[in-house]
Amino acid sequence: MAALAGVAQSTVSYVMSGNRPISQKTRDKVEKAMRELGYVPDVHARAMISNRSHIIGLLTEATETTQGAELFPILRAIRATAKEHGYDLILMSSTGTTEDLADMRRLGKGNLVDAFIMLDIRHHDGRLKSAMKLGLPIVPYGDHKFPFINIFDRESVICAERHGIQLERFEAKDTRWQSFEPLTGKFPEWKGNGVCIYTRSPRTLAWIEQMMLLTGVTPGKDIGLIGEGGRSRHRAD
């Protein structure tokens with residue numbers, strides 16, 4: 001590979017390890033030689049040398065009630081960002097069971113991952129306590145009362161403050177339609193008072209719209225209704 005690129009063997013090693021700064025021109029020559037030779041780095045050997053796997057463990061709840069329209073854009077964004085920084089992902093379904101926690105410890109203790117991203121964080125989440133004992137970086141994402149990353153909440157708050165809108169959060173215990181039924185008790189109070197309901201899931205949007213119609217509320221007229229899923233946005237006018 002070094003001969004094909006016209007550089008020293010040590011230069012190839014530096015390009016692969018990133019331990020020393022290499023000019024872009026030299027890096028391009030080495031990477032071109034890698035492609036021509038069909039070279040794929042041995043991730044196990046690299047991990048033994050650097051003590052890093054360049055893999056992130058992504059833990060998320062995946063059940064029969066998981067809403068893909070909400071989850072998949074998040075997964076794609078995480079995957080794209082990880083790839084930009086030279087990382088791969090291991091996707092794990094984790095609901096906090098004893099078996100799930102054991103799998104997480106196995107990945108961490110075995111140096112199979114460099115960090116964890118935890119979606120669907122809840123109060124007193126057992127995964128956080130277990131992961132902290134592994135000494136690895138953790139990025140929690142979920143419960144709004146924790147200091148975590150939540151893109152949607154941050155954008156919603158900024159937008160609301162900019163337009164002088166007051167936000168009131170509704171906490172559903174899960175993603176089944178029955179968990180959103182308590183909203184109907186608020187409809188008489190909200191009707192005609194400039195209230196708008198916002199949901200990120202097309203399925204939840206359809207449920208709430210149906211609840212409105214069944215209780216004599218006209219979506220978009222009596223109570224505003226806005227939904228978002230993937231790259232499209234839906235509004236009931």
Side-chain angles (χ1 to χ4, degrees), residues 1-62 66-94 100-121 127 130-132 134-142 148-152 154-155 200 228-233:
M1 188 185 304
L4 182 60
V7 299
Q9 291 184 3
S10 59
T11 300
V12 174
S13 297
Y14 294 144
V15 170
M16 295 171 60
S17 66
N19 290 335
R20 288 191 182 182
I22 301 295
S23 70
Q24 189 60 50
K25 182 178 179 180
T26 300
R27 181 179 298 277
D28 290 343
K29 289 196 297 183
V30 173
E31 291 178 349
K32 180 181 178 182
M34 289 180 180
R35 290 192 297 270
E36 291 180 4
L37 294 173
Y39 174 78
V40 178
D42 187 324
V43 294
H44 297 291
R46 185 173 65 175
M48 291 179 64
I49 296 174
S50 65
N51 200 32
R52 297 174 63 186
S53 66
H54 288 272
I55 297 174
I56 298 172
L58 179 58
L59 310 180
T60 183
E61 294 180 1
T66 298
Q67 299 191 35
E70 180 175 339
L71 177 61
F72 293 156
I74 298 174
L75 297 183
R76 285 196 295 266
I78 293 174
R79 179 182 178 276
T81 303
K83 188 175 181 180
E84 287 178 5
H85 292 81
Y87 282 84
D88 291 312
L89 297 177
I90 290 181
L91 180 62
M92 295 178 59
S93 175
S94 176
D100 290 340
L101 295 178
D103 287 340
M104 183 179 65
R105 287 192 292 270
R106 177 176 55 82
L107 290 177
K109 292 285 188 181
N111 295 324
L112 297 177
V113 298
D114 294 335
F116 285 108
I117 298 176
M118 296 185 177
L119 307 184
D120 313 301
I121 290 296
R127 295 175 300 169
S130 296
M132 289 174 65
L134 300 175
L136 296 175
I138 306 169
V139 179
Y141 184 117
F148 61 91
I149 296 175
N150 193 323
I151 300 171
F152 298 104
R154 184 170 65 241
E155 291 183 348
R200 301 199 307 266
E228 182 174 346
R231 297 182 179 180
S232 61
R233 296 190 178 186

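The residues of the chain are indexed from 1 along the displayed sequence.
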Just checking Q9: does its CD atom have more than 12 heavy atoms from other residues, nucleotides or ligands closer to it than 6.0 angstrom? no

Side chains of D28 and E31, heavy atoms from C-beta outward: is any pair under 4.5 Å? yes

Answer yes or no: is there a side-chain heavy-atom contact under 4.5 Å between I78 and L119? yes

Option passing side-chain contact (heavy atoms from CB on, under 4.5 Å) with I90 (candidates L58, I55, I56): I55

Contact check, side chains of Q24 and R27, non-hydrogen atoms, under 4.5 Å: yes

Can you measure from CZ (R106) to CG (L112) and round to the nearest 0.5 angstrom? 7.0 Å

Test side chain to side chain contact (heavy atoms under 4.5 Å, CB included) on L134 and K109 and set out the steps. CA-CA 7 Å; L134 300 175; K109 292 285 188 181; 3.9 Å; yes

CG/D88 to NE2/H54 distance, rounded to the nearest 0.5 angstrom? 10.0 Å

Verify side chain to side chain contact (heavy atoms under 4.5 Å, CB included) between K29 and K32, making sure each step is shown before the conclusion. CA-CA 5 Å; K29 289 196 297 183; K32 180 181 178 182; 5.7 Å; no

Heavy-atom closest pair (V113 atom, S53 atom, distance to 0.1 Å) is CA-OG, 3.4 Å

Which atom names give the shortest non-hydrogen contact between A33 and A5, and what distance separates them? CB-CB, 4.0 Å

Measuring from L59:CG to D100:CG, what's the distance to the nearest 0.5 Å? 8.5 Å

Output the distance between atom CG (L136) and atom CE (M104), rounded to the nearest 0.5 Å. 9.5 Å

